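Contents: one structure, followed by commentary.
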Amino acid sequence: QPPQDKARRDMAGDTQWSRPECQVWTGTLLLGTCLLYCARASMPICTVSMSQDFGWNKKEAGIVLSSFFWGYCLTQVVGGHLGDRIGGEKVILLSASAWGSITAVTPLLAHLGSAHLAFMTFSRILMGLLQGVYFPALTSLLSQKVRESERAFTYSTVGAGSQFGTLLTGAVGSLLLEWCGWPSVFYFSGSLTLLWVWYVYRYLLSGKDLVPASGVLAPGLLVTRHSRVPWRRLFRKPAVWATVFSQLSAACSFFVLLSWLPTFFKETFPDAKGWIFNVVPWLVAIPASVFSGFLSDHLINRGYRAITVRKLMQGMGLGLSSVFALRLGHTSSFCESVVFASASICLQTFNHSGISVNIQDLAPSCAGFLFGVANTAGALAGVVGVCLGGYLIETTGSWTCLFNLVAIISNLGLCTFLVFGQAQRVDLSPTREDL
């Protein structure tokens, strides 16, 4: 057995969390993911009000919304590499302190001068740069610290924070928007993030662990030879490319819906209460995400092949969810629209137990790096998808084309994963791959 592979196996056994540690970190990271999406969803919630204040049209609003992904796609690989190298928890905490601060001062940036569009675009690019490291670092952390038989449930539980955060911003943000104006939404999410950072720093990490980690950030921005990422071995495998493309499709579809659904409901049903369509879809998605992880781990523990379970999850997360997205473009009923949007968002959470965990199946020793590559592709697609969505809506005057776009992207990713997806490790030497 090659020494590098043996060292990787020994290291994994020595550093995994105990059950109590895993429970504490799962809850903490669930809250962290929630606050990540609180900050990220603040702009889509406030877009209509900000457009009225600053005179933006759909194309300009699309530029602001999509600019987040311009930065987001640039730090994915960096975040994964740093997570593999210094520990994902440290990368997450350092980045959260920065994007929490940026969120809190966004209203101040908006009123610095007359160039509102430029300042908001810049702040969203910066937000994307800072948040881009989160999920690759999270993937690296969980692949190293959580037992394989519990990964899907842990990841899907932590991933439920994305829906919970969007729900929190939708519920509280809608009320703040109505009572105090759009700046209060940014103050709310930014201050909560900084409070979470203080808690993690004070109770889960010590300063002596964090300070050396911050010193690694600068030299760590470049992937060095010492990182020993098996580039050639990874990207010679069709299964790796299938996972990357499927992650691209899932991320793009989710980002398009996240960015445009609030505006869709606000314009299509102007008399409807904002808290309904900003809350209900994300509320039902939380138990769905946890259930998908439980179901996935349960099926694997019952003896089903890992790849069979992963493909089943993707069939739900990309295939069935796109059917409900399509239906959104062909109904004029508010109740039906809420049901279809809820079903689509709810089923997309099954991706947490599909491709997101499949990346950890394929390469647990460098899962952060590989997830960074996959999510970079997804972020690039998100830039194009959100901008293209705004262009199609502005040009055609119809929302149907937007939901057709989501369905096409989703099903392309699903078909690729069904054909080429695998769950065998590819980060080991060829003689050990099948063991």
Side-chain angles (χ1 to χ4, degrees), residues 1-33 79-93 133-161 200-201 203-206 208-210 212-213 216 227-230 289-290 292-302 306 309-310 352-372 423-429 432-433 435:
Q1 180 174 345
Q4 291 178 0
D5 296 346
K6 186 177 186 301
R8 283 172 183 159
R9 294 179 188 274
D10 293 341
M11 184 183 302
D14 293 340
T15 62
Q16 287 181 338
W17 287 325
S18 64
R19 188 170 295 275
E21 286 178 322
C22 187
Q23 291 172 347
V24 171
W25 273 104
T26 298
T28 302
L29 292 170
L30 168 63
L31 183 57
T33 306
H81 172 61
L82 288 176
D84 293 335
R85 182 178 175 185
I86 67 173
E89 69 276 18
K90 299 166 189 173
V91 176
I92 288 171
L93 189 65
V133 303
Y134 184 87
F135 280 106
L138 174 66
T139 301
S140 174
L141 177 64
L142 297 185
S143 69
Q144 295 172 19
K145 300 290 189 179
V146 180
R147 288 186 288 270
E148 185 176 4
S149 61
E150 299 176 356
R151 277 183 194 156
F153 178 76
T154 303
Y155 197 95
S156 62
T157 300
V158 173
V200 176
Y201 177 78
Y203 294 103
L204 296 182
L205 286 181
S206 63
K208 63 182 180 181
D209 290 331
L210 191 61
V216 180
S227 61
R228 298 183 183 276
V229 175
S289 180
V290 176
S292 72
F294 169 79
L295 178 62
S296 178
D297 285 344
H298 176 71
L299 291 175
I300 290 176
N301 289 329
R302 288 289 300 272
V309 176
R310 305 300 184 228
H352 294 316
S353 303
I355 46 174
S356 295
V357 184
N358 184 240
I359 290 174
Q360 300 174 45
D361 295 334
L362 293 173
S365 68
C366 51
F369 164 79
L370 186 55
F371 187 89
Q424 293 175 316
R425 288 191 68 167
V426 297
D427 60 337
L428 301 177
S429 299
R432 306 292 300 177
E433 276 181 3
L435 298 183

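Because the structure is predicted, anything quoted here is derived from the model rather than measured.
Note: Y155 OH to Q360 CD = 6.5 Å, rounded to the nearest 0.5 Å. If you take NE2 on H81 and SG on C366, they are separated by 11.5 Å, rounding to the nearest 0.5 Å. Here CD of E89 is found 5.0 Å from CH2 of W25. Values are rounded to the nearest 0.5 Å. Expressed to the nearest 0.5 Å, how far CG of L138 lies from CD1 of I92 amounts to 5.0 Å. Taken from CG in D84 to CZ in F371, the straight-line distance is 12.5 Å, to the nearest 0.5 Å. Note that OG of S353 is 7.5 Å distant from CZ of R310, once rounded to the nearest 0.5 Å.
Looking only at side-chain heavy atoms (C-beta outward), Y134 and T33 come within less than 4.5 Å of each other. The shortest distance between side-chain heavy atoms of V146 and F153 does not fall below 4.5 Å. Considering only heavy atoms from C-beta on, L141 comes within 4.5 Å of L29 through its side chain.
In terms of heavy-atom proximity, V357 sits nearest to A152 at CG2-CA, 3.8 Å. Between Q16 and R147, the shortest heavy-atom distance links the atoms OE1-CG, 3.4 Å. Residues L30 and T157 share a closest heavy-atom pair of CD1-O, 3.1 Å. Listed here is the closest heavy atom pair of G372 and P136: CA-CG, 3.8 Å. S18 and E21 get closest at one heavy-atom pair: N-OE1, 3.0 Å. Among all heavy-atom pairs drawn from I359 and A367, the shortest one is CG2-O, 3.8 Å.
Side chain of S156 to main chain of S292: no donor-acceptor pair is present (N/O by atom type, distance under 3.5 Å, no hydrogens or angles). A distance-only check finds no donor-acceptor pair linking the side chain of T154 to the backbone of R151 [under 3.5 Å]. When atom types are taken as modelled, the side chain of N301 and the backbone of D297 share a donor-acceptor pair closer than 3.5 angstrom.
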>> For a side chain to side chain contact (heavy atoms under 4.5 Å, CB included) check, start with the C-alpha distance between V133 and L82, then their side-chain angles and the critical distance, and finish with the verdict.
In response: CA-CA 9 Å; V133 303; L82 288 176; 5.9 Å; no
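A salt bridge is absent between D361 and R425; no separation between the charged side-chain nitrogens and carboxylate oxygens falls under 4.0 Å. Between E150 and R19, at least one side-chain nitrogen of the basic residue sits less than 4.0 Å from a carboxylate oxygen of the acidic one, meeting the salt-bridge criterion.
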